[in-house]
Amino acid sequence: MTFTQFGVEKRKVKNNVRDVRYAASLDENNHLLFSKLGAVYVNFHRPLEGKVKQVTIKRQGHRWFAIFSVERLFRSINRRRSTSFVINTF
């Protein structure tokens, strides 16, 4: 199952600003919240880096996995410090 709408957004609803959850989101206690399904505890093996765009739930054998697709910026390469080599073979 893939949930393409992920996260929480602040919206103005009837003169009040409140949090509106998408189809899937994370809370502070490492629970993955699914709309109309409920909450599932997630054991992260590394921290999430960047903004989560979607999550895919997959079953492999008897285990379940959550695959997060994130958007993040990469640092540009400093071309002045890069080194190139030319290797001639005869």
Side-chain angles (χ1 to χ4, degrees):
M1 285 186 279
T2 301
F3 296 90
T4 57
Q5 298 175 342
F6 189 89
V8 178
E9 181 180 283
K10 292 195 180 287
R11 285 192 187 167
K12 186 175 182 180
V13 179
K14 295 183 181 179
N15 298 328
N16 293 327
V17 177
R18 58 184 181 167
D19 293 336
V20 176
R21 294 191 181 274
Y22 289 117
S25 61
L26 280 173
D27 69 357
E28 301 83 27
N29 299 324
N30 289 343
H31 283 90
L32 189 55
L33 305 170
F34 297 108
S35 64
K36 304 196 179 176
L37 293 176
V40 177
Y41 178 76
V42 179
N43 185 11
F44 289 102
H45 66 92
R46 67 177 130 178
L48 291 174
E49 296 177 4
K51 181 180 178 183
V52 178
K53 300 300 270 183
Q54 70 180 20
V55 63
T56 301
I57 306 301
K58 179 180 178 181
R59 183 177 180 186
Q60 198 169 18
H62 295 289
R63 302 181 75 187
W64 289 87
F65 296 92
I67 300 117
F68 294 91
S69 299
V70 297
E71 176 183 47
R72 65 179 185 159
L73 297 175
F74 288 100
R75 296 184 199 155
S76 62
I77 299 172
N78 188 352
R79 296 193 183 270
R80 293 182 191 161
R81 299 187 73 196
S82 64
T83 305
S84 61
F85 295 97
V86 176
I87 299 173
N88 293 325
T89 58
F90 298 100

(request) Output the distance between atom CE (Met1) and atom CZ (Phe34), rounded to the nearest 0.5 Å. (result) 6.5 Å
(request) Measure the OG-CD distance between Ser69 and Gln54 for me, rounded to the nearest 0.5 Å. (result) 4.0 Å
(request) Return the orientation label for the Phe44 and Phe68 ring planes: parallel under 30°, perpendicular over 60°, tilted otherwise. (result) tilted
(request) Under the side chain to side chain contact (heavy atoms under 4.5 Å, CB included) rule, what do Ile67 and Thr2 come out as? Steps first, then yes or no, please. (result) CA-CA 9 Å; Ile67 300 117; Thr2 301; over 6 Å; no
(message) For a 4.5 angstrom cut-off between non-hydrogen side-chain atoms, does Leu48 reach Leu26?
(response) yes
(request) Give the cluster check for Leu33 versus Trp64: same hydrophobic cluster or not, with ILVMFWY residues linked at side-chain heavy-atom distances below 4.5 Å. (result) no
(request) Could you tell me which residues satisfy side chain to side chain donor-acceptor pair (under 3.5 Å) with Gln60, sequence neighbours excluded, listed by chain and number? (result) none
(message) By the definition side-chain contact (heavy atoms from CB on, under 4.5 Å), identify the one residue from Leu37, Val40, Leu32 that meets it with Ile57.
(response) Leu32
(request) Flag the pair Arg72 and Glu49 as a salt bridge only when some basic side-chain nitrogen lies within less than 4.0 angstrom of an acidic carboxylate oxygen. (result) yes
(request) Examine distances only and state if a side-chain atom of Asn29 and a backbone atom of His31 form a donor-acceptor pair shorter than 3.5 Å. (result) no
(message) Taking salt bridge (charged side-chain N to carboxylate O under 4.0 Å, His left out) as the definition, give me every residue that meets it alongside Arg63, ordered by chain and number, with sequence neighbours left out.
(response) none
